[in-house]
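So you know, we letter chains A, B, ... as the sequences are listed, proteins then strands, and number each from 1.
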Amino acid sequence: MTAPVSTVRGTTGKIAGVRVRFCPSPTGNPHVGLIRTCLFNWAFARHHGGTFVFRIEDTDAARDSQESYEQLLDSLRWLGMDWDEGPGIGGPHAPYRQSERRHIYRDVVQRLVAGGHLYESYSTPDEVEARHKAAGRDPKLGYDNHDRDLSPEQREAFRAQGRDPVLRLRMPDTDLSWDDVVRGPVTFAAGSVPDFVVVRGNGEPLYTLVNPVDDALMEITHVLRGEDLLPSTPRQIALYLALIDIGVAKAVPEFGHLPYVMGEGNKKLSKRDPHASLLMYRQSGYLPEGLLNYLALLGWSIAEDRDIFSVAEMVEAFDGRRVSVNPARFDPKKCEVINATHLRALPVDDFAHRLLAFLDAGSVDLGLSGWLGDERRALVMAAAPLVQERVQTLSEAELMIGFLLVHDDSFELNEKDAAKHLGADAAPVLAAAIAALELLGEWTVPAIEEALRIALIDGLGLKPRVAFGPLRVAATGAAVSPPLFESLQLLGSHRALTRLRAAFGRADSVG
RNA sequence: GCCCUCAUCGUCUAGUGGCCCAGGACGCCGCCCUUUCACGGCGGUAGCGCGGGUUCGAAUCCCGCUGGGGGUACCA
């Protein structure tokens, strides 16, 4: 067993001095699996009153991008996952972008070499394989530690051939074990992990080096990361041991491997899966708290009979002990429902303002977004309560109240609904409704409802659904809408009657 | 091949030897409410991969098998 860092839980169950980190590579756009990992780290830090470090692993210039970097920061801010050290705010271990830390790695590498932990290796994969074959071993065994004890003369000879050596870490000849925070004890037998490359032939340090070095320097106490990194843990521990030896690290951190987030089939959720894109959720009008709630459910549970909770409640409960070992499938449907639950739980006023902000941001283009006059803002505020229980996301809300916001000359009927509800049969219904509404003294919901019931239900003897269907399509453009009388009221008598007359004209001409 | 890891309803999960002929949630199916669509209410559907042990007793512990996933890179 490696020497564990102090993880004494006090009487409150809290661990003192927790320092965790989130260290993504800025490649592509942020996906939900990545954010889930971030959330668990963040919640763990907040729960224990520790420090959340945000570090950018941008050592791969070919794949990293500034755009991706900014999306990452923007996403975390949107979700409310604040960091105590990292980009934008600095900290005692700055800089927090690996691209700015190269001199640090250079120094550590030199000390590691001086300490005998790293050695130059010249073997090519072909040579390794040839040696395995010659010895009657499985050729796919991997590097055979052949160059461990090359003499200065041998190294000189390779150099003379123009070969640039990689640097490998000399693995200890003992079993490598750790007590995984989520999985319990894990052991890799001595000799099962070959000496691995930490610095390329061209002098570039690899992830295998920089990640543990930064964790050590930043005094990270708990590494919570994806299950895919579990097999690299013995190597990290070995490197840590070397870092402790040269005085760079104080202790080996605790490791915890979080289950995968799966997509369709038995595959890890792919970055290319449309459901994986965090940006997509934001643009679709998901709430941060809804998304966070669902993401938390991917590999964690707060209690037996409960799956709706706030971020604060999660932080209160997230001590790292209820994390599941099983991979979790991302279920877009459930994600949507969880979001809808949070949406409905919002105070109406809050909901209305978020909807307004969403419309102002112009996430969905209805030909009216990005700009809202005072009159329209008032309509949104008034319509918000009508749609809050009918939608799952803000973009659905936008679609549902679009009929109110759209300019009258670009108002259009849903053709399918119009064909169904505005046929010849609808003409007398519309005519009666128009006649009744034209006489209306005050344009209020009760007055509108009463007038229409008298004219259509009592007067024409129609069933409500038959009577109101055509009006709904005529006024809102679709068979699915907010409640009819309220919709008519919000539209105002002029706009409402104009639409009803237009629909009448259409229905009448069909007959 | 070798190493690591996982295995409860379709899906996410609760469950750490008796409270479980397995609980919750999503989905799905009925019914109620109803001016559309929703919300809400009520009810239902469906699961411990297989085989051996251990034990008075196993979803829970052990072994094997099967199946899935990951690693075995001068990717992260």
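- Applying the 3.5 Å distance criterion, the base of rU35(B) shares no donor-acceptor pair with the side chain of Arg465(A).
- In this view, Glu100(A) and Pro95(A), Arg97(A) satisfy the side-chain contact (heavy atoms from CB on, under 4.5 Å) rule, not counting sequence neighbours.
- The phosphate of rG69(B) (OP1 or OP2) has no side-chain N or O of Asn326(A) nearer than 4.0 angstrom.
- Residue contacts for Leu471(A): at a heavy-atom cut-off of 4.0 Å it reaches no nucleic acid atom on any strand shown.
- By the 4.0 Å N-to-carboxylate-O rule, Glu289(A) lies close enough to Arg354(A) to be salt-bridged with it.
- Among the protein residues, Leu484(A) comes within range of the nucleic acid bases, having at least one heavy atom under 4.0 Å from a base atom.
- What separates CD of Glu264(A) from C1' of rG27(B) is a distance of 14 Å, to the nearest Å.
- Inspection of the Thr27(A) and Ser25(A) side chains reveals no N or O donor paired with an N or O acceptor under 3.5 Å.
- Taking the six-membered ring where tryptophan is involved, the planes of Phe54(A) and Phe22(A) are essentially parallel, since the angle between them stays under 30° and well short of 60°.
- Heavy atoms of Gly469(A) sit nowhere under 4.0 angstrom from any nucleic acid atom.
- Taking 4.0 angstrom as the limit, Arg137(A) places none of its side-chain polar atoms (N or O) nearer than this to OP1 or OP2 of rG1(B).
- Nucleic acid contact class of Phe196(A) (heavy atoms, under 4.0 Å, all strands): none.
- The separation between Arg306(A) atom CZ and rC12(B) atom P is 22 Å, rounded to whole Å.
- Distance check on atom C1': rC3(B) versus rC61(B) gives 25 Å, rounded to whole Å.
- The partner of rA7(B) is rU66(B), by the rule that a Watson-Crick or G-U pair needs both atom distances under 3.5 Å.
- When each of rA76(B), rG70(B), rC26(B) is scored by its nearest atom to the side-chain atoms of Lys334(A), the top-ranked nucleotide is rC26(B).
- With distances taken from any side-chain atom of Val325(A) to the nucleotides rG23(B), rA76(B), rC6(B), the minimum falls on rC6(B).
- Backbone-only engagement by Lys333(A) is indicated by non-hydrogen atom pairs under 4.0 Å involving sugar-phosphate atoms exclusively.
- One atom, CZ of Arg329(A), and another, P of rG27(B), lie 17 Å apart when rounded to the nearest Å.
- Here Ser25(A) does not reach the OP1 or OP2 of rA76(B): none of its side-chain N or O atoms lies under 4.0 Å away.
- Distance from the side chain of Val186(A) is smallest for rC4(B) among the nucleotides rC4(B), rC6(B), rG23(B).
- Separating the NZ atom of Lys268(A) from the C1' atom of rU5(B) is a distance of 15 Å, rounded to the nearest angstrom.
- rA14(B) is unpaired under the Watson-Crick or G-U wobble criterion, no partner having all donor-acceptor distances under 3.5 Å.
- Residue-level contact check: Ala328(A) touches the backbone only, with heavy atoms under 4.0 Å from sugar-phosphate atoms and none from bases.
- rU54(B) and rA76(B) have their C1' atoms separated by 44 Å, given to the nearest Å.
- There is no side-chain donor-acceptor pair under 3.5 Å between Thr187(A) and Asp175(A).
- As the counterpart of rC42(B), rG30(B) is assigned, both hydrogen-bonding distances of the Watson-Crick or G-U wobble pattern falling under 3.5 Å.
- Distances shorter than 4.0 Å separate some side-chain N or O of Arg344(A) from OP1 or OP2 on rG40(B).
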Expected list for residues 446-460 of chain A: side-chain donor-acceptor pairs under 3.5 angstrom, two or more places apart:
from, atom 1, to, atom 2, distance (Å)
Glu449(A), OE2, Arg453(A), NE, 2.9
Glu449(A), OE2, Arg453(A), NH2, 3.0

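- The side chain of Pro483(A) sits closest to rU36(B) out of rC12(B), rU36(B), rC75(B).
- A donor-acceptor contact under 3.5 Å links the side chain of Arg390(A) to the base of rU36(B).
- As the counterpart of rU72(B), rG1(B) is assigned, both hydrogen-bonding distances of the Watson-Crick or G-U wobble pattern falling under 3.5 Å.
- Here rC20(B) sits opposite no nucleotide as a Watson-Crick or G-U wobble pair (both hydrogen-bonding atom distances under 3.5 Å).
- Counting any heavy atom pair closer than 4.0 Å across all strands shown, Tyr207(A) reaches a base atom.
- Contact annotation: Arg453(A) side-chain N/O to rU35(B) OP1/OP2 distance is under 4.0 Å.
- Rounded to a whole Å, the CZ atom of Phe255(A) is 17 Å from the C1' atom of rG70(B).
- In this structure, the side chain of Asn41(A) does not engage the main chain of Val20(A) through any donor-acceptor pair within 3.5 Å.
- In this structure, Asp305(A) reaches the sugar-phosphate backbone alone: every heavy-atom distance under 4.0 Å involves primed, P, OP1 or OP2 atoms, never a base.
- Each of rU35(B), rU13(B), rG15(B) was ranked by its minimum atom distance to the side chain of Arg322(A); first place goes to rG15(B).
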